[in-house]
Amino acid sequence: MIPTLPLHEPILIFALSMLVFLIAPLLFKSFRLPGMIGVILAGALIGPNALHILERDETIVLLGEIGIVYLMFIAGLEININKFIEKIDRSLVFGALSFLIPQVAGTAVGYFLLDLPFIEALLFASVFASQTLLAYPVIKKLGIVNNEAITAAIGATLLTDTMTLMILAVVTSSLEGSLDFFFWARLLLGITVFFVGSLLIVPRIARWFFSKLTDETYFEFLFVLSIAFILAFLAEIAGIEPIIGSFLAGLLLNRLIPNTSPLMNRIEFAGNVLFIPFFLFSVGMLTNIQSLFEGGKELTVAFWMIGAMLTGKFGASWIAGKFYGYDKNQIMSMFGLSIGHAAAALAIVLVGFEAGLFNESLINAVMIMILFVGIVSPQVVEMYGKRLSLAESITCHVPQEDSRILVSFSTRSTYKQLLMDLALMIREKRSSEPLHVLSVVKHDSGNSEKKLAEAEKMLLDSINYAACAEVPVNTHVRINHNIASGIMGAVLENRISTVVMGWDGVHSPKESIIGSATDQIIRGIKKLVIISMIRNPLCNTRRITLIIPNGMGHNSGFCSVADTVKKIAEHTSAHVHAIVFGSDPVEYKDFFTGPGSEISITFEKVEGWDVLIKSLDSKGENKNELIIIASTRRDTIGWHPILQVLPRRITTFFKGNLIIAYPPEEGFDDKVNHNQFLLR
């Protein structure tokens, strides 16, 4: 049967949705735009107001509502709860300002400029007095979720959405003629019972559950989802928006679900690959693209809405920022977060439409505004959030637990022993943790068993070699269609903190940095990843050249890289010559000096990469030289496009040993980054 448009076959609708979630972020990534915007625009294009390939039916609406509830739940889980409580006054002040200023400005615009009746103008203003954390994935990627100003902006969402939705409740009740004492008493009582009951009951149930019923991990996942959606429903009963309930659920479960736990990984994975994209998709399907080209009232109303919203939100950010002594980057990051609109705005305008207060033109104007802020909000947050991340001071902390090191071997590798030497060097001297040695065999229907046997035999040599150093080894042999996927699975299951891999220096034009499988691992594993081209015994190292790109001193993971360099230098007694780009070398001295550090190190500031290449070229035949590149992943602090090609350029003339160290990313421990495209 040939399907007709719009599509009604459930399987085909779901398949098309998955295709959109895959292709749209990838496409927008190539234009350096957030993937979420791609999903929103795709929804607008194939929705009922454009190509009409899909209807915005009950299923899409349901999944979209689940998505925004899920998004706020994750925001509550990932916030630093101690800092949130300690600085809650900042959330309350910014939330009040972020509501009152746009509400007053919007009411004036609606009443005096758009000739709306006062009650409609009041509801009109509440549309953009609310805020939705559309740019939350951006601040998460930048690792600034727990910055004081960002925490205030996240917490302010709780207040602004509560207040705007109370405006909605008041307006709709006034239309029914029931805006009396009993209405206010019922609303106040419902909110009080909801918050007090949640605070008293949920933490107790959760602590009991996690201490008693943890035999199967998927039960934990089902439990936290049950709590999130039950509180979302109870919030609705209490007279406030469900997203307030899910955000509160995240806060209440925050201390019981560490960011480093597999449970957190499952929560984020389910949200970022399914529910949150459906929310963005659903929002996009409400947009009437034709109104963008037809002009008229929609564009006029949208212009005034956007102007009043931007003015009000910036005013609130500036006043709160100056009051608490925030800098420009913090103020602009707060502004970028606060201008996002979706859930509450949609709820208000749809209820207003159903009540006869708003017409279709106003809905289209709101969609234009949502589309506008959907593009601008992530861009503003990314621009100033990067600067904010750079401005944050980074301190090194001593690990509370022994690190777990995994060494990945290929069955064809000829440098296994040298990789083992490197792993033994960077291992803590008094660690009780064994080395984890892994070999992933690519699936071959005809020779899989033979290859597995060869891998097992090869790994036995690593056990014997490490035994000489009295270091225990756990071996792992896996079979997988994708080598990178096999390694990432082993990292997650064994809670690995450091991954050591070999590289033979061979590359092809199709490979972006080092090799296709290795690139997947670098993107997918947010641990300390050490890519090594060790062709000569490390014990012969006489000099270590450390390359530090501009901004690495502000990357929280650089502490781990510095610690690795110190361990190698201590074991080899080699002098470290650190080449620093753009920054003052003084700011890096504390990373390598201090109690217990006895390495010899000097610093040199270099302004251009060409100067570096010429300097390294003179060392080309020195096999006793070790070059360590403190690299970083794309779009994180310290990234520079030259890092994309630097390892390959060095290998064309350098005969010594080369290490590329990718620092761990804060907030991603024990997680595989499944959402790397959508969250860009």
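Only a predicted model underlies this, so the values are computations on that prediction, with no experimental measurement involved.
- Within the 3.5 Å criterion, the main-chain N or O of Y384 finds no donor-acceptor partner in the side chain of K328.
- With contacts defined as side-chain heavy-atom distances shorter than 4.5 Å, the pair L274/M18 qualifies.
- Between the side chains of T498 and R404, no donor-acceptor pair of N or O atoms lies under 3.5 Å.
- Taking every heavy atom of both residues into account, G106 and A125 meet most closely at C-CB, 3.4 Å.
- The two residues S333 and N329 have their closest heavy-atom pair at OG-O, 2.7 Å.
- The OG atom of S226 sits 10.5 Å away from atom CG of L231, with the distance rounded to the nearest 0.5 Å.
- You'll find the side chain of Y662 stays beyond 4.5 Å of the side chain of I525, heavy atoms only.
- The two residues K527 and I496 make their nearest non-hydrogen contact at CE-O, 3.1 Å.
- Residue L337 holds its CG atom at 11.5 Å from CE of M332, rounded to the nearest 0.5 Å.
- The closest side-chain heavy-atom distance from D327 to I331 is not below 4.5 Å.
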Does the pair F279 and E65 meet the rule for a side-chain contact (heavy atoms from CB on, under 4.5 Å), with working shown? CA-CA 6 Å; F279 159 62; E65 291 178 354; over 6 Å; no
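- A donor-acceptor contact under 3.5 angstrom links the side chains of Q131 and S98, judged on distance only.
- Under a 3.5 Å cut-off, the side chain of S17 and the backbone N or O of I13 do form a donor-acceptor pair.
- Remark: M488 CE to K526 NZ distance equals 10.0 Å, nearest 0.5 Å.
- Two residues are said to be in side-chain contact when any heavy atoms from C-beta on lie closer than 4.5 Å; N555 and T632 meet this criterion.
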Yes or no on side-chain contact (heavy atoms from CB on, under 4.5 Å) for V373 and M309, after CA distance, side-chain angles and deciding distance? CA-CA 10 Å; V373 299; M309 180 269 299; 3.2 Å; yes
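- Here the closest non-hydrogen pair linking M285 and R56 is CE-N, 3.6 Å.
- F21 places a side-chain heavy atom less than 4.5 Å from the side chain of V39.
- Here CZ of F314 is found 10.0 Å from CD1 of I319. Values are rounded to the nearest 0.5 Å.
- Rounded to the nearest 0.5 Å, atoms CE (M334) and CG (L97) are 9.0 Å apart.
- Between the side chain of R495 and the main chain of V491, no donor-acceptor pair closer than 3.5 Å is present.
- At a threshold of 4.5 Å between non-hydrogen side-chain atoms, the residues F124 and M305 count as touching.
- Annotation: side chain of Y70 is not in contact with side chain of S246 (no heavy-atom distance under 4.5 Å).
- Between A490 and L406 the shortest heavy-atom distance is CB-CD1, 4.1 Å.
- A donor-acceptor contact shorter than 3.5 Å links the side chain of S338 to the backbone of F335.
- Distance alone, capped at 3.5 Å, is enough to place a donor-acceptor pair between the D57 side chain and the I60 backbone.
- Nearest approach of A249 to A228, heavy atoms of both residues: CB-CA, 3.7 Å.
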For F94 and Y324, run ring-ring contact (aromatic ring centres under 6.0 Å, His included): C-alpha distance rounded to whole Å, both residues' side-chain angles, the deciding distance at 0.1 Å, then the answer. CA-CA 10 Å; F94 180 52; Y324 288 110; 9.7 Å; no
Dump the intermediate steps for side-chain contact (heavy atoms from CB on, under 4.5 Å) on Q330 and N147, then the final yes or no. CA-CA 9 Å; Q330 289 176 304; N147 181 277; 3.2 Å; yes
When you look at R90 and Y326, which way does the side-chain contact (heavy atoms from CB on, under 4.5 Å) test go after all the steps? CA-CA 11 Å; R90 287 152 171 76; Y326 295 153; 3.1 Å; yes
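- Taking the ring centroids of F209 and F219, they lie at or beyond the 6.0 Å cut-off.
- Once rounded to the nearest 0.5 Å, the distance linking CG of L77 with CG of L251 reads 8.5 Å.
- Looking only at side-chain heavy atoms (C-beta outward), L253 and F73 come within less than 4.5 Å of each other.
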